[in-house]
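Numbers restart at 1 for each chain; the letters A, B, ... are given by sequence-line order, proteins then strands.
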There are 2 protein chains.
Amino acid sequence: MSTIGRPRAFDEEAVLDRAAEVFWRHGYEGASLSALTGAMGINRPSLYATFGSKQELFARAFGRYHDRQVSVARAALDRPGTREAIEAFLRSSADGLTAVDDHPAGCLSVQGGLACSPENAHVSEVLATGRADTEAALADRLTRATDLPSGVDPRALARFVMALSEGHAVHAAAGATRAELHASIDVALRVLIPA
Amino acid sequence: MSTIGRPRAFDEEAVLDRAAEVFWRHGYEGASLSALTGAMGINRPSLYATFGSKQELFARAFGRYHDRQVSVARAALDRPGTREAIEAFLRSSADGLTAVDDHPAGCLSVQGGLACSPENAHVSEVLATGRADTEAALADRLTRATDLPSGVDPRALARFVMALSEGHAVHAAAGATRAELHASIDVALRVLIPA
DNA sequence: CACTATTTGTACCGAGCGGTAGAGTGGGGA
DNA sequence: TCCCCACTCTACCGCTCGGTACAAATAGTG
């Protein structure tokens, strides 16, 4: 693993996070290469030599984003009580949706590109796979639960929780505040699976 | 209102619906003028003479889509019981999210362009305003309700219902079936505002 | 010190974008 | 009948897109 030749002047994972932020803010098709290279602090040939193409860059950047999101979800779902696990999942997700100084509002998995031109359809699929992945983790947790009210289909419950969270992502993209999202969660929890 | 000169060879509202379908399927930025004119069956100069610009075309097409959506929502919200009104709202929305032969899956208000390049930011705003409009109608209905459980904030409940519906739109865009969406609604209703 | 391997920077490519000019077309009005 | 005028159509505009060729720069290796 010796480093022969001129060394790279940037950190690969750091620039991926910068790229993710641009995709997050403008969507895949709205993120131009100029905007990307500008934010990443590198120029096009470096980008292409390292990542191959815009789509591959997106896949890598989204991969990092998604891994972080899944690990947050897993931490929430590790709670012993199912109701508490769902609440933690929803609240930690909502917190991640609020814009802070170092990332935009909303969720890259949703606003990255729900609908794309035909030649970028793969991007929508990557995002959908990521969301399905998170929902599967949730469904897995709920399927193993022993404290669900009888008659509740754990897969349907997972879909419900995931849909609510994705809806919050849509709201957050439009500027909803953290307090507003948590109030919506309050409503859901107040009556959902009463403890 | 005399018609002097060569008459138009297309119906303005009909081609707006065709345009809406393209925006719906590919998003604002993914919908090229070639795809639009192809689907609308007219050519560029006709499009520009009639609608002015791509953004104005989008605004007009979305306006029609949104009016229909609001009228469906209003019909649901006219039910006397609040729980029934919410259920009808969610179920009729879900039905509109399922792809049928004459329109794509999902919701134009969501997949039209949650995130856009800076020069198209107006599109995201138009969509967000449309969604906020629907939520306001819902909140209005709930604020007037006399049969809500005590302590439930009607605005938060409206946001919750709207978020769930938008989450279903995200699921539908990824191919969720009508049955899956309705199962999620079953979960929500089973425990929400018990009658 | 060359020599080699790799990255960087500039400057560019063809293609497709949104948008338009201008000639041709066809139906109402006098 | 013949003009008028809005509409249609082909062909094109400048621009930006995603992507790349090529030379200068910078490190390890002998």
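Looking at B:Thr82 and B:Asp147, their side chains do bring a donor and an acceptor atom within 3.5 Å of each other. Side-chain atoms of A:Arg8 and A:Ser46 form no donor-acceptor pair, as typed in the model, at a separation below 3.5 Å. Under 3.5 Å, the side chains of A:Arg159 and B:His171 contain no donor-acceptor pair of N or O atoms.
For A:Phe23 and A:Phe62, the ring centers sit 6.0 Å or farther from each other.
Ring orientation note: the planes of A:Trp24 and A:His103 are close to parallel, at an angle under 30° on the 30°/60° scale.
Comparing B:Gly5 and B:Lys54 along DNA chain C, the residue whose closest nucleotide (by nearest heavy atom) sits nearer the 5' end is B:Lys54.
Atom CZ in A:Phe51 sits about 18 Å away from atom C1' in D:dT20, given to the nearest Å. When rounded to the nearest whole Å, the span between CD1 of B:Ile4 and P of D:dC5 equals 8 Å. The CG atom of B:Leu47 sits 14 Å away from the C1' atom of C:dC17 (whole-angstrom rounding).
The shortest non-hydrogen separation linking A:Pro149 to B:Arg190 is CB-NH1, 4.5 Å.
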*Audit row: B:Glu21, B:Arg25, salt bridge (Lys or Arg N to Asp or Glu O under 4.0 Å) steps and yes/no*: CA-CA 6 Å; B:Glu21 191 180 319; B:Arg25 186 166 272 123; 3.1 Å; yes
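Applying a 4.0 Å cut-off to non-hydrogen atoms, the residues of residues 23-42 of chain B that approach DNA chain C are B:Ala31, B:Ser32, B:Leu33, B:Ser34, listed by residue number. Near DNA chain C, defined here as any heavy-atom distance below 4.0 Å, there are no residues from residues 112-127 of chain B.
Counting heavy atoms from C-beta outward, A:Ser93 and A:Gln69 have side chains that stay 4.5 Å or more apart. Inter-residue side-chain proximity for B:Phe160 and B:Leu138 is flagged as unmet; no heavy-atom pair is nearer than 4.5 Å. Proximity of B:Thr134 to B:Phe89: side-chain heavy atoms (C-beta onward) are separated by under 4.5 Å at one or more points.
A sub-4.0 Å separation between OP1 or OP2 of C:dG9 and a side-chain N or O of A:Asn43 is present. A sub-4.0 Å separation between OP1 or OP2 of C:dT7 and a side-chain N or O of A:Ser46 is absent.
A:Ala49 comes within 4.0 angstrom of nothing in the nucleic acid, heavy atoms only.
At least one cation-pi condition fails for B:Lys54 and B:Tyr48: the charged atom is not both under 6.0 angstrom from the six-membered ring centre and inside a 45 degree cone around its axis.
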*Once each nucleotide of nucleotides 20-25 of chain C is scored for protein heavy atoms under 4.0 Å, what B/S/- sequence comes out, 5' to 3'?*
BB--BB
